[in-house]
Structures are given as structure tokens and as C-alpha cells.
Protein chains: 2
Amino acid sequence: MTNFDVASAAPLHPVGRQALLAALDEGWADPARLYREGRRARMLLDAAREAAADAVGCRPDELSFTPSGTHALHTGIAGALNGRRRVGRQLVVSAVEHSAVLHAAEAHAAAGGEVTEIPVDRTGRVAADGFPVRDDTALACLQSANHEVGTEQPVAEVAEACRAAGVPLLVDAAQSLGWGPVAGPWSLLAASAHKWGGPAGVGLLAVRKGTRFAPVHPADEREAGRSPGFENIPAVVAAVAALRAVRDEAEDEAGRLRGLVRRIRERVPELVPDVEVVGDGERRLPHLVTFSCLYVDGETLLHELDREGFSVSSGSSCTSSTLTPSHVLRAMGVLSEGNVRVSLPRGVAEDDVERFLRVLPEVVGRVRAELGVTGEERGGGPQTAELVIDTLGKRCPIPVIELAKVIGDVPVGSVVTVLSDDEAARLDIPAWCEMRAQEYVGEQPGPEGRGTAYQVRRRG
Amino acid sequence: MTNFDVASAAPLHPVGRQALLAALDEGWADPARLYREGRRARMLLDAAREAAADAVGCRPDELSFTPSGTHALHTGIAGALNGRRRVGRQLVVSAVEHSAVLHAAEAHAAAGGEVTEIPVDRTGRVAADGFPVRDDTALACLQSANHEVGTEQPVAEVAEACRAAGVPLLVDAAQSLGWGPVAGPWSLLAASAHKWGGPAGVGLLAVRKGTRFAPVHPADEREAGRSPGFENIPAVVAAVAALRAVRDEAEDEAGRLRGLVRRIRERVPELVPDVEVVGDGERRLPHLVTFSCLYVDGETLLHELDREGFSVSSGSSCTSSTLTPSHVLRAMGVLSEGNVRVSLPRGVAEDDVERFLRVLPEVVGRVRAELGVTGEERGGGPQTAELVIDTLGKRCPIPVIELAKVIGDVPVGSVVTVLSDDEAARLDIPAWCEMRAQEYVGEQPGPEGRGTAYQVRRRG
């Protein structure tokens, strides 16, 4: 098995595992206790905090350990908003933040707060001058790099702009902290250990001095009042040991993985027809690459890759519990069907990447064949001036496949209307038009309120 | 070293450690993923949930894993209050709940809710018919057994009364779940794995079907929406394995530890003068015993016991960061100075308990000698009708020691006034009176607003 999904979770780094075993013996006691085992636990916790702060680039007393990255984000956002509630109630977030940030924003909105979502370009990046903070902005949130497409955000520039405006910036560094610290004068930072090879159960929340912060959870004196609950010292020790270990090798390994990612980004479109590689080409995480395959059902693709021994993830609607495409792909306006995210583990063998590149074209070909797709816009039916195809009740990628089948049946300049009630069509029909050089006219409500009518004008 | 403080935290049970190691290999992946490692993680999580539900006595879909017992309590209380906010805003809690419950209650009060604290008797027990729930009571909370003095609460009776009144009862089972399930028709239950020999980082929250529940944290689909953040499957698997292991031996071990606890409860007052053993004599946790020693400073006592190789905890004010006695001892109205909580680890050797009984009298004697205490109310100064002793600025146990020194200097029937600004005096002066058969008259504000004047009438 080759797990190419470390962006979801990485197995525990061997150094972290060693540290965990030692700390289970030495760090199980309550660090608030004054007896020997308690003092020993306290020393381990203090040392871990120093090392973590060093890796983050903050002071030890600015850093709290939380039970997860999600807790770090929820606590950080709620605490910062509450600390500045008299300044204002606007929360500014990028549209491609992790769902933990967006769910915290929804909770803020539900409580009467204002949420402003900042759009991204087609690479998934916010404009460096694009965070319109105001006098009454309580908090801005920007990830260091996107978890689905790998695009790095202009965090340092946005942090400078926020500082100039007197607004704190919270950086979600979950995907990048294993590769290096986050530049710029950010105010809060959150991260998650199991993304860098630490164990589950550990997040980091840094709150720089001078940042107004008022936790919303019940009082608890542990972790500077910022993270309730008994300290999980063995896991914290393991997380920090793993962080130091991956940082030690980060520069070399990043260079190596960048080469492999570049190879995937270049070769996949050569090997597989009708693929869109997404995300910024250069300003990106070293280990993560994402592409979408036309006329392919993401769930089947993942299943087939799993059968071939490759574990990857997908932002396609069919792999989501809500049957909507990933909010990241939607915000970017790129194709979502047949979406594959590859995130390479540290130490991955070049051979495994090569094998993936051999297997992928076969697998995509098989999935397309099962769906009756030839890859050519066929036409060949009787020519007709206008055409309406009804794909109501059919899921992605069927609407796009049906559209491709008939586009040749109308004369150049004529319009095909696709009726669809699959949310993914809203993203994938325009994306198909862009990839196939057809003209996307627009959408309107479907007849009798059923679904949506997407209109495409044949160009060639 | 002998750790007699498992009520704070127990080291990881060997069975839990084995399970943790296996699950680090098999359960690190995201259980929401459809590939092999994800499915394997999901299976481990499902199996752990089934086993935990079996041990709790609920259905698997009623049970969520949380990052700690504190999280289980905070989430459970907030979710139950929010779910019944239209019914009413009264929260009823016993006065001796864990601080995580009382802090959640404070947060509820700060948000405009009503909190009613139920008193306990001198053993730390609420009256079985003593939970005065009303039509507008949103939630009642009662621990299964007290964490500081070991007294079991009449949970089954209170649960029945709450059910009859249509009010949900949340049971904090942190100290007892390793010994057995909680009887009665409770609605919510919280527990903490590191109390039974599981790892840190795992709590349980059970919410029985039919209980109104509306989480207050941002949306997160994991753990039935009741516990945000990436699932900590290795720790959950270890926690449940440890729970099954301790349950398998619970009956035998409880019997054995009950014998040792009974020995400590009987022998300590024989071996050490001026000791008050606290908590219910029979209806109690099998492994936990608490006593307080007059004329002793708790912090020094702990330190001396630590030097002798015994780790225990204390509810004395001098061992608390807030310099106030434990709220449990206060609610019981018992002596707080020189307080020692012994909680025996499973498998403890009888010899270690015997050695503790040998060491304790020497240690208490040394501490008293250092404080200049002879154990006799000395008097011997010039007899005077009334006496005021000023112990302002002096910490527990000095006010009581000074009182004992001079009580013989006033005639029987006369009053000694002790001026003190130490919060512990409010508890310890009346407790001293009870132990020494003197009459506690009462308190009034000290002269010129300095401290409090406690009045004691000499009886004999």
C-alpha cells in the first residue's frame, strides 16, 4: 500500500513514536501536582513548549497545546473575536480556509456577527492586497497554504497589512508548519500535529503578546486558560519530537518532493487526456498536487486507485457526504469531477510515484470506458438548431458526459441547454467549456422549477 | 516511589499500552476516508465505540469520544442547556461537583442562566430526595462519587426523581466508571480515560436517545456532531482496552482495596493525634480515602511524604493556586488544614500501605514540631477574661495553632477572638472547635475592615 494522503493524516514519525513511549512512562502524571511524578511531567511539558515555540517562532508563554488543530482554530477564532468584541464584529476569512475555520465563521454569523469571505483566483490564491480589513474588523483568518490544492497564500503581506490596520491575523498553518515557520507579523497561529507526523490529539495555538484574547469556554487554568482539559503530555512530547525531526530534514526533503510533484503536474496531463491540474504552479506546498479528470466519477476513481494500492483523497462531490464539490474547488472555479489530491509522504520512493503515473492512465481509462466515454465530442446525431438534454436526477459526471456527447449535434453558434439538479454541474459545465474551448452562456432556473438550465454555445 | 494519587491520573494500563502501540500502526488514518487505511481506522473506532457503550450501559450511537473528561463535561452541559433553553435556564448542580462542572455552571450564570447549588452533608453526600428540580430546570448534574473524599452519591435515586420531573440528569462518572456502570435512568454521562488507566486525551460523553441536545461549538460532523476535531483513534482504542481490562478485575480488586482503605481510615486516627477522617464510611469509592491533620501545613506535609516516596494530593488551601481550601471540603464543613487524599492504584501492595501507615505519624510529627505544636492546648499565660489574637497575614495552619496555644489562657465560658485574613480559617476554626469540643460562636468583619474576627468560647 502506498498512502498518498498525508494531507489528511500522516502516520506517527518513528522519532515521535519513540518519544511517545518514553513519555508514557515519564509524563503520565498531573503536571499541577507537586510530587515527583508531577514535577517530571511538568518538566516534559515545559521542554516541549519551549521546543514547539522555537519551531513556531513565538515565545513559550504565547503557545498553548490543544486537543487538535480544529480545537486550536475554534478556540483561537472565538477567543480573538470575543477579545475584540467592543472593536467590532466583522470576521474576514478567505473562501478557501479549512472547514474548521468556515464552521467557526458560520457560528459567528449565527450569533449575529458579520463574516466577509475573500475570493481567490483560479490558482486558489487571495490577492496580496486583498484583505479589506476595516476599523471594525475583529479578526482576519488566512491559511499559510491550501490543504486541497497546495497553493501558498501571501501570508506575510496580508499580516503586514493587518498589522498596519491594527487587526489581528490568525494563520492556519496546519499544512505548512512541518516545512517551516510562518513569516510575517501574524497575531495568532494554529496547527495540527498529525499533519506533520505527530500523533492525533495535539494541536498548537499561539497567541502573540499584545493580542486581545478572551476565551469563551468555561474557566480552566491549564494552558494559560486557553485549552481546558487534562494535559496530554505523552502526545505533546511525541508531537514536538516529530516536529523537530521533520524540520531537521525539511529543506532537503522539500526539494526532493518538489521535483516529484513537478513530475506529476507535468506528466499527468500528458498521460491522461482531459485533465486539469489545479493550484499555483510555483508558490505551493512541496508535497501536494491536485488535478481533476473530465468524464470521471471521483468516488470510482478513488476506489480503483485503492485497488491498485494507492490512497488518495478527492474534492469531488460524489466523495462528500453533502454531495457538493469541495468549497475550495468551487471558490477557484475549477473542474471538480474526477478530482484527485496526491499528498506525498516524506521519504516516498520515486518508484512509487512512477508506478502511480503508470497506473493512473489505465485507471482513468477504465472508469471512462465504464461510463461510455470516448474522450471525443462525438455528435453524429441529426443536426438540430437547439438542443435540450435532461440529466435531472443524474449525478456528476453524467451531465458533462451527456453534454460532450451532443455538442457536435448543433451547428457552431447554436446553444445546448443542460438540465441538471446536481450541484457539481454549476462548477463542472463552465470548467468543461473552458477546457474544451466552448462558450459558457450562463444558467437560469430549470422549467417548472426543476433543477438548473445551463447553456453552452458551440464554438468549434 | 509509590503513587497514591491515581484519582488525579493513573499510569497507562499495560493492556492499554499494548492496544495503543497496535493502533498507532492500524488506526492513524482519517476514518472518513474510503481507502484501506481509512476503512481500517473506521473499524477500530466503531469497535471501540461498541465496547465503550457496553461498559457505560448505553447504545453505541449514544456515545461520543471527546478529548478529555473536561471536554465531555463542558460539551455535555452546554449542549443539554442549549437543547432545553426554551424549557428554562435553571442548572442544578451539587456543591461538590468537579471544578469542570462548576466552571461550566459559572459560564452559564455569566451568560444569564440560573445556577442552584445543592448542599451536602458532613460526609459530602447530597440528600437522595434533595435535588429540587422545577418545571423550568434545564439540567441537573451529579457526580457518581466524589473525587476528593470518595463519597458515593445517590445517583440512581436522583436520576429517578429527575426522570419523574422530566429533567435530564448528567452524571460525572469520572471517578467510578472503571469500577462499574452507573445505575439509574440518567440522561447524560461523562468520564475520563486517564482516571481508569487509559491514556490522556480521551473522554466519553453519552447522551441517551430522547435527550434534547444542541451543541454550542462550531459544526463538525465527527462523533455525531458532539466532539469536533480529528478522531484520536489510537488513544481511544487504548482507553477502551484499558477500561475492559480494569472492569474484568474490578470486583476482586475493589474488595481488596476496600479492605486497605478501611485499614487506613481506622488506623490513621489511632496513629496520628488530632486527625479528622472525612467522607462517608461505607458508601464510598473502593480506592480512595481522605483525612485532615490539625496543626499541619498541607504543602509541607505533601513535600515530606514525597521525600518518603509517597505521592498524594491535598485539598488544603496552601496547595491550591488560589490559596483557598478545596470547595469540596468547604461544602462539607470539615477541616481543610493538613488535608491528604490517598487514592490507591490497582494492584497496590499491602506492604506499601503498611509503610505509609508507619511513615505518616513520623512525618506529621516532624511537621508539627517544626511549627512548634505540641498537640496540647497549652495556655499557661496570665488568665484573662477576653483575648484577641492577631494572625493577619499568616496562612493556614497558623491561625488555628495560635488559637490552640491560648485557649487555656481564658477562663471557661470566655471568648477568644482570632483575626485572620486567610480564607481557610473560615473552615478550619469551626472544624477545630468541633474536634476539640470548644464552642464556635461565629464570625464578624475584623476591625477597620481587616480580615475576619472569628470567635470561640472556651468550654473545657
Side-chain angles (χ1 to χ4, degrees), chain A residues 1 3 5 8-12 17 20-21 24-25 28-30 32-38 66-71 74 77-78 99-100 103-107 192 194 199-203 217-221 228-235 299 302-303 305-306 310-313 319 321, chain B residues 1 3 5 8-12 17 20-21 24-25 28-30 32-38 66-71 74 78 99-100 103-107 192 194 199-203 216-221 228-235 299 302-303 305-306 310-313 319 321:
Chain A
M1 283 301 298
N3 190 284
D5 192 28
S8 287
L12 185 55
R17 190 183 174 101
L20 179 66
L21 290 181
L24 284 172
D25 296 332
W28 57 268
D30 184 344
R33 298 297 172 189
L34 303 174
Y35 48 71
R36 213 159 302 194
E37 301 93 328
T66 68
S68 70
T70 298
H71 282 90
H74 288 177
I77 292 170
S99 58
H103 288 316
E106 284 161 19
S192 173
H194 74 106
V202 181
H217 49 71
D220 188 309
E221 58 190 23
F230 186 71
E231 297 91 341
N232 190 349
I233 295 176
E299 188 173 357
L302 257 55
H303 181 66
L305 284 170
D306 180 43
F310 290 101
S311 302
V312 298
S313 102
T319 64
S321 61
Chain B
M1 284 299 299
N3 190 283
D5 192 28
S8 287
L12 185 56
R17 190 182 175 103
L20 179 65
L21 290 181
L24 285 172
D25 296 331
W28 57 270
D30 184 343
R33 299 295 172 190
L34 302 174
Y35 47 70
R36 214 159 301 195
E37 301 94 328
T66 68
S68 70
T70 298
H71 281 91
H74 288 178
S99 59
H103 288 316
E106 284 161 19
S192 174
H194 74 106
V202 181
V216 298
H217 50 71
D220 190 312
E221 60 189 22
F230 186 70
E231 298 90 341
N232 191 349
I233 294 175
E299 188 173 357
L302 258 54
H303 181 65
L305 284 169
D306 180 44
F310 291 102
S311 302
V312 299
S313 103
T319 65
S321 60

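Residue numbering restarts at 1 for every chain, and letters A, B, ... go by the order of the sequence lines.
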Chain A contact via B:E231 - side chain, backbone, both or neither, heavy atoms under 4.5 Å = backbone
May I ask you to check whether B:H103 and B:H74 place their ring centers less than 6.0 Å from one another?
-> no
When heavy-atom pairs shorter than 4.5 Å are enumerated against chain B, which of A:P234, A:G203, A:A104 gives the highest number?
-> A:A104
Among A:A9, A:S68, A:A32, A:A78, who wins on heavy-atom pairs under 4.5 Å with chain B?
-> A:A9
Comparing B:A100, B:S8, B:G201 against chain A, the one with the most heavy-atom pairs below 4.5 Å turns out to be B:S8
Whatever's closer than 4.5 Å to a heavy atom in chain B on A:R33 counts as side chain
Please determine, among A:S313, A:S99, A:A107, the option with the most heavy-atom pairs under 4.5 Å with chain B.
-> A:S313
Side-chain heavy-atom pair B:I233, B:W28 within 4.5 angstrom cut-off = no
Once the angle between the rings of B:H71 and A:H71 is folded into 0 to 90°, is it parallel (under 30°), tilted (30 to 60°) or perpendicular (over 60°)?
-> perpendicular
Heaviest contributor of heavy-atom pairs below 4.5 Å to chain B, chosen from A:V312, A:I77, A:L302, A:V202, is A:V312
Most chain B-contacting option - heavy-atom pairs closer than 4.5 Å, from A:T319, A:D5, A:L305 = A:D5
Under 3.5 Å, is there a donor-acceptor pair between the side chain of B:D220 and the main chain of B:G229?
-> yes
Picking from A:G38, A:A105, A:P67, which has the most non-hydrogen pairs under 4.5 angstrom with chain B?
-> A:P67
What one should report as the nearest heavy-atom pair of B:A235 and B:P199 is O-CG, 3.4 Å
Please tell me if the side chains of A:L24 and B:R17 come closer than 4.5 Å, counting only heavy atoms from C-beta onward.
-> yes
Given B:A219, B:P218, B:S192, the one with more heavy-atom pairs under 4.5 angstrom with chain A than any other is B:P218
Do you know which of B:A29, B:A10, B:G69 has the most heavy-atom pairs with chain A at a distance under 4.5 angstrom?
-> B:A10
Non-hydrogen side-chain atoms of A:N3 and B:Y35 separated by less than 4.5 Å | yes
Considering all heavy atoms of both residues, which atom of B:D306 and which atom of A:L34 are nearest to each other, and what is their separation?
-> OD2-O, 4.3 Å
